Chemist: 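Mind looking over this structure? Questions follow.
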Amino acid sequence: MAAFEDLVQALDRPPAASTVTSVRQPEALRQAMRAAVELGWAASSNDGLNQAVRVQLEAFAQRLALDAHYAAYPDSRPGLAEVAQALAELDHSPLAEHPELLRAAASEVLAVRPDADADDVVLWAASLHRHGFSSSSDVTPPHAAAGAGRESRRT
Amino acid sequence: MRFVSAVAVLDNEAAQALADPTHRKHPRMLAILAAAAGRNRRTAGSVSVVVPTAVRVEALLDRGAPRAAELGRLRVSDVPLDTGRADRAARLRSAAGGSTVDAIVVEAAERLAADGGLATVYSADLADLPRLAARSARPERILIRRL
């Protein structure tokens, strides 16, 4: 865990100091970055590279932190339907007002794709909603029957 | 497709629930974090979770203390209050009422939604926040959600 704490502390530190480093880059990537800067990707290749690395490291740290938290508090791990509900809320999707439909979609999606994520569930629920389904009782189960009870799969 | 970012802004109880694994709303908060992490896995940097510093004061969450350290590990970032933000929050509160912290929360959501993003405020108090959000510059991009 020391490396993880180092990662978090370094990400939180103000980016005041900078260090010149030597990084071996593929020539094609360097040219691609130069072209991307001309197209408005970033103020410079250096800025774009640093920003891209930061968002990737932030996402990586967040996943590691969640995994560690679930390991410490197993009962706190949300189900896929709960995560899909939260994602619909963050997207301001009208599906957030249909938690039953999201639960049914989570059950169906997991029957087809056990490694599905919340985006998969929201997409599936959007399709169901578009075709007139508005609650779990509307969803005829060939898949839901197979996946019954699996909607609570832990993420 | 145009890239639209999303941000979750935590009010007092939301921040407390996230920091305290025994809080009854802790799993709900982790679902929000997991949704952010899942979307960021697909598109890094697309969803952020923030807490205004005034909320941390109200919730007694000192990042240096063990109880609140998890906020940092889970990459919940602060929205600091500077002069401009304080002025804006004061104007919002003058127009719509509510508590000081409520106005600061909505100011943070307004600022984060200003570049086309979507802001969702998580709170247990739905009395004043919707009124403040309605008086913001981006009411169509700010939703108040019950925790």
Side-chain angles (χ1 to χ4, degrees), chain A residues 1 4-5 7-14 51-70 72-94 96-97 99 102 115-123 152 154-155, chain B residues 4-9 14 17-49 63-64 69-78 80 113 117-122 138-147:
Chain A
M1 285 303 282
F4 177 69
E5 295 298 333
L7 169 63
V8 167
Q9 286 172 19
L11 286 171
D12 285 342
R13 214 171 292 144
Q51 193 178 347
V53 170
R54 172 170 276 281
V55 295
Q56 290 291 340
L57 289 176
E58 288 280 359
F60 177 64
Q62 194 172 45
R63 291 200 301 273
L64 285 183
L66 274 172
D67 287 344
H69 195 87
Y70 296 152
Y73 306 100
D75 290 341
S76 70
R77 182 189 290 262
L80 184 59
E82 295 164 286
V83 180
Q85 171 71 34
L87 189 63
E89 292 170 3
L90 291 170
D91 283 343
H92 292 193
S93 165
E97 309 310 320
L102 286 167
D115 63 344
D117 67 10
D119 262 301
D120 296 325
V121 174
V122 171
L123 181 63
S152 62
R154 297 305 194 175
T155 53
Chain B
V4 176
S5 61
V7 60
V9 183
L18 184 56
D20 180 4
T22 66
H23 194 288
R24 66 188 177 90
K25 294 288 187 181
H26 187 68
R28 163 93 163 121
M29 289 309 304
L30 283 191
I32 294 161
L33 258 292
R39 179 60 63 74
N40 287 336
R41 185 194 300 262
R42 289 187 175 217
T43 310
S46 58
V47 181
S48 54
V49 182
R63 282 186 184 272
E70 196 68 355
L71 294 179
R73 294 191 193 98
L74 291 167
R75 310 314 296 150
V76 178
S77 52
D78 279 345
L118 301 172
T120 306
V121 177
Y122 285 93
R138 305 285 178 192
E140 76 284 2
R141 293 187 195 150
I142 301 173
L143 278 185
I144 314 296
R145 281 269 166 200
R146 186 182 296 280
L147 183 59

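Only a predicted model underlies this, so the values are computations on that prediction, with no experimental measurement involved. Naming convention: chains lettered A, B, ... in sequence-line order (proteins, then strands); numbering from 1 in each chain.
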Chemist: Between B:Ala119 and chain A, which part of the residue has a heavy atom less than 4.5 Å away: side chain, backbone, both or neither?
Modeler: backbone
Chemist: Taking atom CD1 of B:Ile32 and atom CD of A:Glu82, what is their separation to the nearest 0.5 Å?
Modeler: 11.0 Å
Chemist: Under the ring-ring contact (aromatic ring centres under 6.0 Å, His included) rule, collect the residues that match up with A:His92, sequence neighbours excluded.
Modeler: none
Chemist: Mind ranking A:Gln56, A:Arg54, A:Glu58, A:His69 by heavy-atom pairs under 4.5 Å with chain B and telling me who comes out on top?
Modeler: A:His69
Chemist: With A:Gln62 as reference, evaluate B:Val76, B:Asn40, B:Leu74, B:Val47 under the side-chain contact (heavy atoms from CB on, under 4.5 Å) test and give the passing residue.
Modeler: B:Asn40
Chemist: Under a 4.5 Å heavy-atom cut-off, does chain B meet the side chain of A:Ala118, its backbone, both or neither?
Modeler: neither
Chemist: Heavy-atom distance under 4.5 Å to chain B: side chain of A:Leu11, backbone, both or neither?
Modeler: both
Chemist: Under the side chain to side chain donor-acceptor pair (under 3.5 Å) rule, collect the residues that match up with A:Asp119, sequence neighbours excluded.
Modeler: B:Arg39
Chemist: May I ask you to check whether over 12 heavy atoms, not counting those of A:Glu5, lie within 6.0 Å of atom CD?
Modeler: yes
Chemist: As an exercise: rank A:Leu90, A:Leu66, A:Val55, A:Val8 by heavy-atom pairs under 4.5 Å with chain B and give me the winner.
Modeler: A:Leu90
Chemist: Please classify the contact between A:Asp120 and chain B as side chain, backbone, both or neither, with a heavy-atom cut-off of under 4.5 Å.
Modeler: both
Chemist: Hey, are B:Arg41 and A:Asp117 close enough for a salt bridge, meaning a charged N less than 4.0 Å from a carboxylate O?
Modeler: no
Chemist: Run the salt bridge (charged side-chain N to carboxylate O under 4.0 Å, His left out) check on A:Asp12 and B:Arg73 step by step: do they pass?
Modeler: CA-CA 10 Å; A:Asp12 285 342; B:Arg73 294 191 193 98; over 6 Å; no
Chemist: Is B:Thr22 close to A:Tyr73 at the side-chain level, that is, under 4.5 Å between some pair of heavy atoms?
Modeler: no
Chemist: Could you tell me which non-hydrogen atom of A:Ala65 sits nearest to which non-hydrogen atom of B:Glu70, and how far apart they are?
Modeler: O-OE2, 4.5 Å
Chemist: Can you say whether A:Phe60 sits under 4.5 Å from chain B via the side chain, the backbone, both, or neither, judging by heavy atoms?
Modeler: neither
Chemist: Measure distances from A:Gln9 to the heavy atoms of chain B and classify the residue's part below 4.5 Å as side chain, backbone, both or neither.
Modeler: neither
Chemist: Between B:Ala34 and A:Tyr70, what is the shortest heavy-atom contact and its length?
Modeler: CB-OH, 3.6 Å
